[in-house]
Amino acid sequence: MASETVESTAATDRRSVTERLGLDSEAIRGWLTVLPVILLYLFVAVTPIAFAFYASLFEIPLLAPEWTFTGFSNYVEVLSMGSFWSALWLGGLFMVGSTVLQLLVGLWIALVLNKISYGQRFLTAVAFTAYLVPTVIVVLIALFMFDVEIGVLHIAGSNIGLWDERTFALGDQTWAMPLVILIGSWKFSIFVTIFTLAQLRAIPERFYEAAKICGASRWEMFRDITLPRIMGVLLIAVLLRAIFMFNKFDIIWMLTEGGPAGATTTLPILAYRTAFLENSYGLANAMAVIMFIFLAIGAYCYFRAFNPAEEVDT
């Protein structure tokens, strides 16, 4: 009798705990199903951040890795470096320029593809191939097209007076950053197209037919029907592109290596140079942690200001 009473009390306690947590057996099974994924994500995402923060507290010569604890002196040094603030400004310029250009071009391509009646699938596949082209191929083609001797874009630019015919455009301080933004946007604009086109095709055609009957113009249909229904995915696409472009390293390094004279040295380029060329691994990790903090604050402010999840739900 006593054992039955104890088991009944234990069962009641378990039920009360699950009731207080708002869990039932199905919810528990669901959590157990996704728990491995959550743990894997935390391991993949949190471990590098934790290691970078830990390494940033030490002075670590890369070629003689003897860790000397220095506390937060690396952060003080980073924040007092003029090159850091210059790289932050250039990184912000690259991020904003790339994001705006990719948004405009990607949205335009999506609108055009959505209106095509014949060969839509084929043309969509052709447009998407730009995103599949490896970055190194894009860079090699760009360097060839801006070659001083035979580059078609170099010749076109020199003919209209953008630069001297003997000047390598990507080696010019005035044109290096705009051209890096342009070349990167050629490849990555399709990312916005992929997001937007899926949402455009989900808009019922009867909305546009009713608007035509009411005498609405194309601009009015875009403003009142299309734009409100794609705003959510556009906000998410802008956030993702901004984060990706702020962290972009490969295409900038392969095109200019951060030059000329630091004209395209963004924070990832500066951190790479600090770690592997200046032999200061701890200082480079401090830069990376500060980059992460800036991005986290920016993403938080973005979500507070625009709330793209709510736009998608509506």
(request) Kindly say whether M145 contributes a backbone atom to a donor-acceptor pair with the side chain of H154 at under 3.5 angstrom? (result) no

(message) For residues F146 and I160: do they belong to one hydrophobic cluster (side chain heavy atoms under 4.5 Å, members Ile, Leu, Val, Met, Phe, Trp, Tyr)?
(response) yes

(request) State whether the side chain of T193 and the backbone N or O of G106 hold a donor-acceptor pair below 3.5 Å, judged by distance alone. (result) yes

Can you list, pair by pair, the side-chain donor-acceptor contacts under 3.5 Å of residues 169-183, counting residues two or more places apart and other chains?
| residue | atom | partner | partner atom | Å |
| --- | --- | --- | --- | --- |
| D172 | OD1 | T174 | N | 2.8 |
| D172 | OD1 | W175 | N | 3.3 |
| W175 | NE1 | L162 | O | 3.0 |

(message) More than 12 heavy atoms of other residues, nucleotides or ligands under 6.0 Å from CH2 of W108: yes or no?
(response) no

(message) Do K248 and F94 form a cation-pi contact, if we require the NZ or CZ to be under 6.0 Å from the six-membered ring centre and within 45 degrees of the ring's axis?
(response) no

(request) Say whether, by atom type as modelled, one donor and one acceptor occur between the side chain of S217 and the main chain of E220 under 3.5 angstrom. (result) yes

(message) If hydrophobic clusters are built by linking Ile, Leu, Val, Met, Phe, Trp and Tyr wherever their side-chain heavy atoms come under 4.5 Å apart, do I137 and W186 end up in the same one?
(response) yes

(request) For L283 and V78, run side chain to side chain contact (heavy atoms under 4.5 Å, CB included): C-alpha distance rounded to whole Å, both residues' side-chain angles, the deciding distance at 0.1 Å, then the answer. (result) CA-CA 7 Å; L283 191 65; V78 167; 3.5 Å; yes

(request) Go through the steps for F207 and I225 under the test side chain to side chain contact (heavy atoms under 4.5 Å, CB included), then give the verdict. (result) CA-CA 7 Å; F207 290 176; I225 299 176; 4.0 Å; yes

(message) Within this structure, what is the CG-CG distance for the pair L93 and L88, rounded to the nearest 0.5 Å?
(response) 11.5 Å

(message) Within the 4.5 Å heavy-atom criterion, are P268 and M291 side-chain neighbours or not?
(response) yes

(request) With the side chain counted from C-beta on, respond yes when V289 and Y75 share a heavy-atom pair under 4.5 Å apart, and no when they do not. (result) yes

(request) Search all heavy atoms of W163 against all heavy atoms of G157 and return the closest pair with its distance. (result) CZ2-CA, 3.6 Å

(request) Determine, step by step, whether F246 and L267 satisfy the side chain to side chain contact (heavy atoms under 4.5 Å, CB included) criterion, reporting the C-alpha distance in whole Å, the side-chain angles of both residues, the deciding distance to 0.1 Å, and the verdict. (result) CA-CA 8 Å; F246 188 80; L267 280 179; 3.9 Å; yes

(request) Considering non-hydrogen atoms only, spot the tightest contact between I251 and G184 and give its length. (result) CD1-CA, 3.7 Å

(request) Kindly write out the residues that satisfy side chain to side chain contact (heavy atoms under 4.5 Å, CB included) with L42, not counting sequence neighbours, or none if the list is empty. (result) I38, V46

(message) Could you measure the distance from the OH atom of Y54 to the CG atom of L57? Nearest 0.5 Å is fine.
(response) 8.5 Å

(message) Distance check, rounded to the nearest 0.5 Å: L270 atom CG versus M287 atom CE?
(response) 4.0 Å

(request) Would you check if N247 and L295 make a side-chain contact, meaning some heavy-atom pair closer than 4.5 Å? (result) yes

(request) Say whether, by atom type as modelled, one donor and one acceptor occur between the side chain of Q199 and the main chain of T196 under 3.5 angstrom. (result) no

(message) Checking side-chain polar atoms at under 3.5 Å, does T256 have a donor or acceptor matched by the opposite partner on T264?
(response) yes

(request) Please assess T226 against Y208 for the test side-chain hydrogen bond (donor to acceptor under 3.5 Å, both in side chains), listing each intermediate value before the final yes or no. (result) CA-CA 9 Å; T226 305; Y208 297 102; 2.6 Å; yes

(message) Please tell me whether Y272 and F249 form a close aromatic pair, meaning their ring centres lie under 6.0 Å apart.
(response) yes

(request) Taking T265 for its side chain and G258 for its backbone only, find out whether a donor-acceptor pair lies under 3.5 Å. (result) yes

(message) Do L200 and W219 land in one hydrophobic cluster if side-chain heavy atoms of ILVMFWY residues count as linked below 4.5 Å?
(response) yes

(request) Evaluate the ring planes of F53 and F72, with Trp represented by its six-membered ring, and classify them as parallel (under 30°), tilted (30 to 60°) or perpendicular (over 60°). (result) tilted

(message) Can you confirm whether F188 sits close enough to M245 that some side-chain heavy atom of one is under 4.5 Å from a side-chain heavy atom of the other?
(response) yes

(message) For L235, is there any backbone N or O sitting under 3.5 Å from a side-chain donor or acceptor partner on Y302?
(response) yes

(request) Would you mind reporting whether F84 and I290 have side-chain heavy atoms less than 4.5 Å apart? (result) yes

(message) For R201, I'd like to know if atom CZ has over 12 heavy atoms of other residues, nucleotides or ligands within 6.0 Å.
(response) yes

(message) Please tell me whether F122 and L197 are part of a single hydrophobic cluster in this structure, the criterion being side-chain heavy atoms less than 4.5 Å apart.
(response) yes

(message) When you measure from the side chain of T47 to the backbone of V44, do you find a donor-acceptor pair of N or O atoms at a distance under 3.5 Å?
(response) no

(request) Count the heavy atoms of every other residue, nucleotide or ligand shown that sit under 6.0 Å from OH of Y300, and state whether that count exceeds 12. (result) no

(message) Are there over 12 heavy-atom neighbours, none belonging to F292, within less than 6.0 Å of that residue's CZ?
(response) no

(message) Contact between V105 and I109 at the side-chain level, heavy atoms closer than 4.5 Å - yes or no?
(response) yes

(request) Quick one: do R223 and L227 satisfy side chain to side chain contact (heavy atoms under 4.5 Å, CB included)? Show the steps, please. (result) CA-CA 5 Å; R223 182 193 62 194; L227 188 59; 5.6 Å; no

(message) With heavy-atom distances below 4.5 Å as the criterion, would you say the side chains of N74 and E59 are in contact?
(response) no

(request) Would you indicate whether F144, at its atom CZ, is surrounded by more than 12 heavy atoms from other residues, nucleotides or ligands within a distance under 6.0 Å? (result) no

(message) Within the 4.5 Å heavy-atom criterion, are I252 and T266 side-chain neighbours or not?
(response) yes

(request) Report yes or no: do I190 and V136 belong to one cluster of Ile/Leu/Val/Met/Phe/Trp/Tyr joined by side chain heavy-atom distances under 4.5 Å? (result) yes

(message) Rounded at 0.5 Å granularity, tell me how far NZ in K115 sits from CG in L111.
(response) 8.5 Å

(message) Has R241 got a side-chain atom pairing as donor or acceptor with S189's backbone, closer than 3.5 angstrom?
(response) no

(request) For the pair T99 (side chain) and V96 (backbone), establish whether a donor and an acceptor sit closer than 3.5 Å, ignoring hydrogens and angles. (result) no

(message) Nearest 0.5 Å, please: how far is NZ in K187 from OG in S98?
(response) 13.5 Å

(message) Could you measure the distance from the CG atom of L153 to the CD1 atom of I141? Nearest 0.5 Å is fine.
(response) 11.0 Å

